[in-house]
A.B. asks: 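I am attaching a structure below and will ask some questions about it afterwards.
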Amino acid sequence: MAGERFSATYLIETPLDVAQVAEVLAGEQSCGTFARVEGETEALRERARAIVESIELLDVAPQPSLPNGWMQRRGMFAKPQTWQRARLKVSFPVANVGANLPTLAATVSGNLFDLGEVTGLRLESVDLPANYRRQFDFPTQGIAGTRKSTGVQGRPLIGTIIKPNVGLSAEETGELVGKLCAAGVDFVKDDECSGNPDHAPLVQRVKAVMKRVRAHQDRTGKHVMVAFNISDDLDAMRRHADLVQAEGGSCVMASLNWCGYSAIQSLRRHTPLAIHGHRNGFGALSRHPLLGFSYPAWQTLWRLAGVDHMHVHGLQGKFAQDDDEVVEAAQVSLQPLAEGLDDRVLPAFSNGQWAGTVRATWDSVRSNDLLFMSGGGILAHPDGAAAGVSSLQQAWDAVQKGETLTDRAARSPELRHAIDFFGKKAA
């Protein structure tokens, strides 16, 4: 792999010369610092320095997007300035990093967000050569394995979330999952705030839930995938994954941002279960358009840890992301990270989803390979959870066949009542 390089694309904002700032960025994240040091020979720079591959000038802003103490100390805010925005592509030697995910993340981001020369910086994408991508972890289940486990083919998986989010006892959680299994769901997940609480210890919860899952499978032949939230220290996550597997489970969930790359990598190497990657906290890294991570860059790094499912939020949902961002997130999840590989992951839609958002989802993504999760859209259906699941199944069948939801609702009472109850008009 000598001579191979990977690249990252950045959006920056600066009042300084863009080309100069680009070189500062490249040096800071490879072999350079703010001044040339002893030992930084031309041969070393040739071998280890990042290279600015391209610069695309964009718009000019009338004021800076972010505060900057470095510029403040130099009086740069005291005089009129223009704030040039630009897109940079920078390549790095693979040999600088190797198959080390935390160091890869530090190389493409790290101190860049603190650079004094910029008033905005956002990591937009990370592109890896196939040979380099192969050195990292792959999903163990992915789309095909998840479909095989649940027996769902030819349509999206229909899922839901334990509600209330927290507060149910282990036995109450088990009873709810039993009802959801009988209602016809394919997938159930814990809320990210429900880990190992006193009122429902995870060991007890796993046993109570899987008792119902196994009983349902014995009756019907249908395995319902349950994503138990095992987010914790690594030793605890390994123990809990082992318990889920021993009880006949097929999936665990982890809050990616709070567990960290190394923990998720180690969990991946420990268990064959599907890892449901929850994105909670991503908004802190992404909501400002000139700071942090775009979803394509963020998901690339986490997919190198070997997750099987990635949260993408939902169209017309209750959170701040616009629909274009949700669609982009789903589309990149369904694409391989490098040419010639099949390391796609299952995009998981959630937040404010119900039968009325199915049309927008299908029209935007045009793929059956997704997990469509609906909490209130199932559990708050006026005719009960089974009707909630049916309304989603009817909506997905309709859009896949080119039928309007209005026409299908005319002969499908569950869908009709969902549309009436949730107060939306979908066509």
A.B. asks: Could you check whether any side-chain N or O of T119 sits under 3.5 Å from a backbone N or O of P64, counting only pairs where one atom can act as donor and the other as acceptor?
C.D. replies: no
A.B. asks: Would you check if W70 and R74 make a side-chain contact, meaning some heavy-atom pair closer than 4.5 Å?
C.D. replies: yes
A.B. asks: Donor-acceptor pairs under 3.5 Å, side chain of residues 250-261 to any protein atom, not counting sequence neighbours: which ones?
C.D. replies:
unit_1	atom_1	unit_2	atom_2	d
S250	OG	H223	NE2	2.7
S255	OG	N280	ND2	3.0
N257	OD1	W298	NE1	3.1
N257	ND2	R279	O	3.3
N257	ND2	N280	O	3.0
W258	NE1	N280	O	3.4
W258	NE1	N280	OD1	2.7

A.B. asks: Which heavy atom of R5 sits nearest a heavy atom of R49, and at what distance?
C.D. replies: NH2-O, 3.0 Å
A.B. asks: For the ring pair F187 and H276, is the centre-to-centre distance below 6.0 Å?
C.D. replies: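 Yes - the distance between ring centres of F187 and H276 falls below the 6.0 Å cut-off.
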A.B. asks: Can you measure from CD1 (I275) to CZ (R268) and round to the nearest 0.5 angstrom?
C.D. replies: 4.0 Å
A.B. asks: Quick one: which residue pairs count as a salt bridge (Lys or Arg N to Asp or Glu O under 4.0 Å) with a foot in residues 114-125, not counting sequence neighbours?
C.D. replies: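 Sorted result for residues 114-125: R87-E124.
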A.B. asks: If you count heavy atoms of other groups shown closer than 6.0 angstrom to NZ of K222, is the number above 12?
C.D. replies: yes
A.B. asks: Less than 6.0 angstrom separating the ring centers of W302 and F136, yes or no?
C.D. replies: no
A.B. asks: Quick check on K179: does its NZ atom have over 12 non-hydrogen neighbours (other residues, nucleotides or ligands) under 6.0 Å away?
C.D. replies: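 It does not: K179 NZ has 12 such atoms or fewer within range.
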A.B. asks: For S169, what residues pass the side chain to side chain contact (heavy atoms under 4.5 Å, CB included) criterion, not counting sequence neighbours?
C.D. replies: E171, E172
A.B. asks: Report the C-alpha separation of K89 and D127 in whole Å, then their side-chain angles, then the decisive distance to 0.1 Å, and conclude whether the salt bridge (charged side-chain N to carboxylate O under 4.0 Å, His left out) test is met.
C.D. replies: CA-CA 10 Å; K89 183 176 181 180; D127 297 301; 5.5 Å; no
A.B. asks: So do the side chains of I158 and I378 get within less than 4.5 Å of each other, counting heavy atoms only?
C.D. replies: yes
